[in-house]
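The next block holds one structure in the form of structure tokens; read it before the comments.
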Amino acid sequence: MVTTGLGHLAGRTYGPARFRVSRAQVAAYVAASGDDPERWQTHAPPSFAGALLFKVATPFLRDPEVASHARLLIHGDQTFTWRQPWRIGDDLTISARIDRLRERAGTAFVTFGAEVADSADQTVMSSRSLFLMSAQTPPGGTATERSEPVAEARRANSVPRAEPLPAVGEALTPLAKSASRADLVRYAAASEDFNPVHWDHLRAVESGVGGVICHGLLMAAWATQPAAALSSRPHPLARARFRFLRPLYPDQAALVTTTVKDRDERRTVLSSRVSSEAGDHVSASIEIPTGDGGG
């Protein structure tokens, strides 16, 4: 059943938005996501897809007809498909469309598709997002309010390093990750994802998550980093699907674990998780071209 008041939005488009991949924004994004600054000098990392997505996701979320139904917004699922690398200096065009709307238990489920094309009109990246929106009470109840976090407090945050691709069933070296509240503000500036639950403690409490939480796409960026480090190519990943399972709070210690799940002559599939003592926060299935990283 389509959500009352939102059904007519199916098929609505946003963009095209034009965007230049600037050295300054890539450097800010790499720093905010804890990636390797030496690696990304001439190209943007695959996770920069999150910043490109918000060139059209922000107009969607600010659409008055959408915003009135989005007192609580949850990013439930995200898929990126990378077709070409993006070089610093590239001019890109991003277009998006509301592909589907449905309702269950007072929550709207919105499927939001986006395409990024280069100056030759060749698709360089495709994106598919699932947003859960509620105009009233958060689905599943509310979390207990947490103490407001200290601005710069965080745990270990390690940079991904190249290593050989292990055999099927074996794991890459785990990656320690954490973000401070100030880190979340820096990531918001670099990605243009300014959802208040990531920087405004009171708004986050009102939204039912208990306090400021890390961006889902920041944790997705962490999940991609060990896989991307397997190859020196500027286009190291082919596809990734992320599921956002539970919030991660500032100053919580997280660990990215990545296991080789499958391999054939065309692709290698990795399973990645961002976890803490609280459990799993993000799960991801990541595909890389077979042959990278010694595979």
Side-chain angles (χ1 to χ4, degrees), residues 29-40 43-50 75-82 85 125 127-128 154-179 183 187 191 214-248 252-295:
Y29 184 90
V30 167
S33 60
D35 211 331
D36 181 0
E38 298 301 319
R39 166 78 186 275
W40 304 109
H43 292 76
S47 62
F48 194 67
H75 195 168
D77 190 290
Q78 179 65 48
T79 300
F80 291 123
T81 302
W82 296 271
M125 190 270 289
S127 167
R128 186 177 177 90
R154 76 170 182 191
R155 308 298 177 90
N157 195 344
S158 54
V159 173
R161 298 300 183 195
E163 61 180 292
L165 178 65
V168 173
E170 296 182 353
L172 302 178
T173 303
L175 196 64
K177 288 294 181 180
S178 180
D183 288 331
Y187 180 82
S191 67
C214 295
H215 300 73
L217 288 176
L218 172 58
M219 293 189 287
W222 294 346
T224 65
Q225 288 173 10
L230 289 168
S231 170
S232 60
R233 298 169 69 243
H235 179 209
L237 306 184
R239 187 176 185 273
R241 181 180 182 183
F242 308 94
R243 292 190 174 183
F244 304 110
L245 305 173
R246 57 163 52 86
L248 179 73
Q252 276 191 302
L255 195 68
V256 180
T257 54
T258 306
T259 304
V260 181
K261 299 298 290 184
D262 192 19
R263 184 185 304 168
D264 59 27
E265 67 281 356
R266 184 175 60 87
R267 64 174 187 167
T268 297
V269 180
L270 307 173
S271 175
S272 180
R273 291 186 177 273
V274 179
S275 307
S276 74
E277 291 183 349
D280 291 338
H281 300 274
V282 176
S283 67
S285 177
I286 302 171
E287 297 178 15
I288 62 174
T290 292
D292 280 2

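Both backbone and side-chain heavy atoms feed into the values below; hydrogens, waters and symmetry mates do not. Remember, it's a predicted structure, so these values are computed and weren't measured experimentally.
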Looking only at atom types and distance, does a side-chain atom of E277 sit under 3.5 Å from a main-chain N or O of Q252, one as donor and one as acceptor? no
Smallest separation among heavy atoms of P234 and W40, with atom names: O-CZ3, 4.2 Å
Derivation and outcome, side-chain contact (heavy atoms from CB on, under 4.5 Å), residues K261 and L270: CA-CA 5 Å; K261 299 298 290 184; L270 307 173; 6.0 Å; no
Report yes or no: do H281 and S276 form a side-chain donor-acceptor pair below 3.5 Å? yes
Distance in Å, M125 CE paired with R239 CZ, rounded so as to fall on 0.5 Å steps: 13.0 Å
Within the side chain of T290, is there an N or O that forms a donor-acceptor pair under 3.5 Å with the backbone of R267? yes
Would you say the side-chain atoms of E163 pair up with the backbone N or O of L172, donor to acceptor, closer than 3.5 Å? no
Testing the basics here: between W82 and A49, what is the closest heavy-atom pair and its distance to 0.1 Å? NE1-CB, 3.9 Å
Can N157 and S178 be counted as having a side-chain donor-acceptor contact under 3.5 angstrom? no
Between D262 and T268, is a side-chain contact (heavy atoms from CB on, under 4.5 Å) present by the stated rule, with each step listed? CA-CA 6 Å; D262 192 19; T268 297; over 6 Å; no
How long is the straight-line distance from CD of E38 back to CZ of R161, given to the nearest 0.5 Å? 8.0 Å
Ignoring hydrogens and geometry, is there a side-chain-to-backbone donor-acceptor pair from K177 to G34 under 3.5 Å? yes
Begin from the C-alpha positions of V159 and D35 and carry the test side-chain contact (heavy atoms from CB on, under 4.5 Å) through to its verdict. CA-CA 6 Å; V159 173; D35 211 331; 5.5 Å; no
CD (E287) and CG (L237) are apart, to the nearest 0.5 Å, by 10.0 Å
Any donor-acceptor N/O pair, R233 side chain to H235 backbone, under 3.5 Å: yes
What's the shortest heavy-atom distance between P160 and P226, and which atoms? CB-N, 4.4 Å
Determine, step by step, whether L175 and S158 satisfy the side-chain contact (heavy atoms from CB on, under 4.5 Å) criterion, reporting the C-alpha distance in whole Å, the side-chain angles of both residues, the deciding distance to 0.1 Å, and the verdict. CA-CA 6 Å; L175 196 64; S158 54; 3.3 Å; yes
Do the side chain of R39 and the main chain of A228 share a donor and acceptor less than 3.5 angstrom apart? yes
With heavy-atom distances below 4.5 Å as the criterion, would you say the side chains of V282 and L245 are in contact? no
Listed by chain and number, what are the side chain to side chain contact (heavy atoms under 4.5 Å, CB included) partners of P37, not counting sequence neighbours? V30
Closest heavy-atom pair and its distance - A254, W222: CB-CZ3, 4.4 Å
Spatial distance of atom CG (L217) from atom CZ (F48) [nearest 0.5 Å]: 12.5 Å
Could you check whether R246 pairs with D280 (Lys NZ or Arg NE/NH1/NH2 to Asp/Glu carboxylate O, under 4.0 Å)? no
Compute whether any side-chain donor of one residue and acceptor of the other, for S127 and Q78, lie under 3.5 angstrom apart. yes
Could you please spell out the steps behind the side chain to side chain donor-acceptor pair (under 3.5 Å) verdict for S271 and T259? CA-CA 5 Å; S271 175; T259 304; 5.9 Å; no
Using 30° and 60° as the class boundaries, would you call the ring planes of F242 and F80 parallel, tilted or perpendicular? perpendicular
Partners of S272 by side chain to side chain contact (heavy atoms under 4.5 Å, CB included), sequence neighbours excluded? A223, V256, T258, A284, I286
When you compare the side chain of L230 with that of P236, does any pair of heavy atoms fall below 4.5 Å? no
Does Y187 use its side chain to pair, donor to acceptor, with the backbone of C214 at less than 3.5 Å? no
Taking ring-ring contact (aromatic ring centres under 6.0 Å, His included) as the test, write out the residues that go with H75, two or more places apart. F131, F244
Spacing of D183 atom CG and H215 atom NE2 [to the nearest 0.5 Å]: 11.0 Å
